[in-house]
J.: 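A single structure is presented below for examination.
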Amino acid sequence: MKLNVIQPEKVFKCSQCGTCCSHIRGMMPREDKEFIQKMAYGKLPLVQLVPIEKMSFPLWDWEAKRFKKWQHEVNVDGKIKPSRGILDLNSNKAIIVTYFMDSDACPFLKDKKCSIYYTKRAYICRLYPFNRGPFLDVGSKPKKENMFGTCGAMDPLMPLIPETYDDMVKFLSKAFPDGSFENAIQFDYITEWVNKTIVNLMKQKLLRPAMNYPYEFFLKRFENAEKIDFTDFLEQCSYIDNKEELIKSFDENRDAKIKISEFLEQHS
Ligand code: SF4
Ligand code: SF4
């Protein structure tokens, strides 16, 4: 099938309006909210630590560490708090997997500009206008209508995105020179990697998560337990050898690059 030819002026260009950074609470697809509400308050190993309406952008543990450092450099209180964690009954440790910024607008947004734009920032900052990539396994292939958040700069592009899945992915792979498409795919990859890693840790008996506890009791135990970040825990229990190397491979979007090039090869 002939591919749509994308003119350079038709590629995505962020207008830096700051809208996506000024409303960071609750920006998640409806089906994700429903799933979290139903399953993530104790029925799974990974437990939601805050009410869903308080949730804002998720930061992976290594991203939160960077944000905590940058907040001092730019004199900002990032209001960074744990958002999802696992209580390990083997070690009695509270393992923090993601953090969030407890704020309606991102605290790093000043005069509609990101005060840490020059840094790597977080995936969630760099994947917008996407709210998910096309390869995340959610039971069905995503359609263009449910892959994007609210972003005015997408208005001219939306009608040009093909409806059929294969053509859509080929189009998207060319239409986001800002890297947001690749970042969205890498973010989804990390989400799947975290879930698979938790299952593997349980199989290898390196982790025994508290599940099906009364939620308030769980929270109290989690609060009183010694805290450790997920990637530190992986290194401590020798599941991974080198945390820095793992984070470097994520930062370089190695997995997303492979997924995209495999897809394009298979559908050339
Ligand atoms: S991604 Fe969209 S909503 Fe966010 S700053 Fe750019 S144009 Fe505005
Ligand atoms: S850190 Fe910067 S890019 Fe990320 S949400 Fe905040 S203002 Fe936006």
Side-chain angles (χ1 to χ4, degrees), residues 6 8-30 32 50 52-84 98-134 142 144-161 171-188 190-191 247 250-251 253 256:
I6 303 162
E9 66 269 22
K10 298 289 189 230
V11 299
F12 176 76
K13 196 164 184 314
C14 169
S15 65
Q16 302 192 1
C17 66
T19 306
C20 52
C21 310
S22 39
H23 302 96
I24 62 173
R25 282 202 215 269
M27 284 183 76
M28 67 174 82
R30 186 177 44 84
D32 289 7
V50 286
I52 197 160
E53 54 281 1
K54 281 194 90 175
M55 282 290 290
S56 70
F57 288 174
L59 302 172
W60 301 114
D61 66 53
W62 63 94
E63 294 179 325
K65 271 198 184 87
R66 293 172 183 167
F67 271 54
K68 284 178 188 172
K69 184 171 151 273
W70 293 330
Q71 69 180 353
H72 297 301
E73 289 173 13
V74 294
N75 197 22
V76 158
D77 176 4
K79 300 184 180 131
I80 298 161
K81 298 176 182 170
S83 58
R84 286 188 301 163
T98 58
Y99 290 77
F100 78 118
M101 292 187 277
D102 191 4
S103 176
D104 294 331
C106 177
F108 291 88
L109 189 70
K110 287 183 186 168
D111 301 325
K112 291 192 175 180
K113 296 237 170 327
C114 173
S115 50
I116 53 166
Y117 194 78
Y118 55 90
T119 69
K120 188 84 183 157
R121 294 176 293 149
Y123 271 105
I124 206 72
C125 309
R126 292 180 285 118
L127 60 76
Y128 219 74
F130 286 88
N131 60 25
R132 71 162 25 121
K144 66 175 180 178
E145 291 75 21
N146 54 24
M147 287 177 60
F148 298 97
T150 312
C151 165
M154 279 301 294
D155 291 349
L157 207 56
M158 279 308 272
L160 302 178
I161 303 176
F171 182 97
L172 298 177
S173 71
K174 291 183 167 65
F176 292 84
D178 63 342
S180 50
F181 178 64
E182 197 180 280
N183 291 328
I185 292 170
Q186 185 68 35
F187 181 83
D188 290 346
I190 297 171
T191 303
I247 294 170
F250 290 160
D251 278 346
N253 283 354

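Just so you know, these numbers come straight off a predicted model, no measurement behind them. Whatever order the structure lists ligands and atoms in, that order sets their numbers, starting from 1.
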J.: Give, for atom OG1 of T98 and atom CG of D61, the distance between the pair rounded to the nearest 0.5 Å.
T.: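 If I round to the nearest 0.5 Å, the distance is 9.0 Å.
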J.: Using a 4.0 Å heavy-atom threshold (strictly under), name the region of Y117 that reaches ligand 2: side chain, backbone, both or neither.
T.: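 Neither; no heavy atom under 4.0 Å.
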J.: N/O/S atom of C106 under 2.8 Å from atom 6 (Fe) of ligand 2, yes or no?
T.: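 Checking C106: at least one N, O or S atom is under 2.8 Å.
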J.: How far is atom 3 (S) of ligand 2 from its nearest protein heavy atom, and which residue and atom name does that atom have?
T.: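 Protein heavy atom at minimum distance: R121 NH1, 3.3 Å.
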J.: In the protein, which heavy atom is nearest to atom 8 (Fe) of ligand 1, and how far is it?
T.: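 Answer, as residue, atom name and distance: C17 SG, 2.3 Å.
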J.: Starting from atom 6 (Fe) of ligand 1, find the nearest protein heavy-atom neighbour and note its residue, name and distance.
T.: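 Going by distance alone, atom 6 (Fe) of ligand 1 is nearest to C14 SG, 2.3 Å.
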J.: Show me which atoms of ligand 2 lie under 4.0 Å from any heavy atom of C21.
T.: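 Atoms satisfying the 4.0 Å criterion: 3 (S), 5 (S), 7 (S), 8 (Fe).
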J.: Looking only at protein heavy atoms, which one is nearest to atom 4 (Fe) of ligand 2, and how far off is it?
T.: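 The closest heavy atom on the protein side is C125 SG, 2.3 Å.
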J.: Are the side chain of D178 and the backbone N or O of S180 linked by a donor-acceptor pair below 3.5 Å?
T.: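 Such a contact is found between D178 side chain and S180 backbone.
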J.: Pairing donors with acceptors under 3.5 angstrom, does anything connect the side chains of N253 and Y123?
T.: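 Present: a donor and an acceptor within the cut-off.
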J.: Check whether E182 reaches the backbone of G179 with its side chain - one donor and one acceptor, N or O, closer than 3.5 Å.
T.: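 Answer holds: no.
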J.: What protein heavy atom lies closest to atom 5 (S) of ligand 1? Include the residue and the distance to one decimal.
T.: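 Minimum-distance protein heavy atom for atom 5 (S) of ligand 1 reads G18 N, 3.4 Å.
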J.: Considering heavy atoms of the protein only, find what lies nearest to atom 2 (Fe) of ligand 2 and give residue, atom and distance to 0.1 Å.
T.: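 In this structure, atom 2 (Fe) of ligand 2 has C114 SG, 2.3 Å as its nearest protein heavy atom.
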J.: For I116, is there any backbone N or O sitting under 3.5 Å from a side-chain donor or acceptor partner on R121?
T.: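 Absent.
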J.: Non-hydrogen atoms of G152 versus ligand 1: any pair closer than 4.0 Å?
T.: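 Flag not set, G152 not near ligand 1.
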J.: Is any NZ, NE, NH1 or NH2 atom of the basic residue among D188 and R132 found under 4.0 Å from an Asp or Glu carboxylate oxygen of the other?
T.: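 No, no charged N to carboxylate O under 4.0 Å.
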J.: Which atoms of ligand 2 sit under 4.0 Å from any heavy atom of F57?
T.: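 In order of numbering, the contacting atoms are 5 (S).
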J.: I need the nearest protein heavy-atom contact for atom 1 (S) of ligand 1: residue, atom name and distance, please.
T.: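 Of the protein heavy atoms, Y128 CD2, 3.6 Å lies nearest.
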J.: Run the salt-bridge test on D102 and R25 with the 4.0 Å N-O cut-off and return the result as yes or no.
T.: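 Yes, D102 and R25 are salt-bridged.
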J.: Where do F130 and F148 land on the ring-ring contact (aromatic ring centres under 6.0 Å, His included) test, with the steps shown first?
T.: CA-CA 4 Å; F130 286 88; F148 298 97; 4.7 Å; yes
J.: For the aromatic rings, using the six-membered ring if either is Trp, is the centroid distance between F250 and W62 under 6.0 Å?
T.: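 Between W62 and F250, which both carry aromatic rings, the centre distance is below 6.0 Å.
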J.: State whether C20 contributes an N/O/S atom found under 2.8 Å from atom 6 (Fe) of ligand 1.
T.: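 No N, O or S atom of C20 is closer than 2.8 Å to atom 6 (Fe) of ligand 1, so no.
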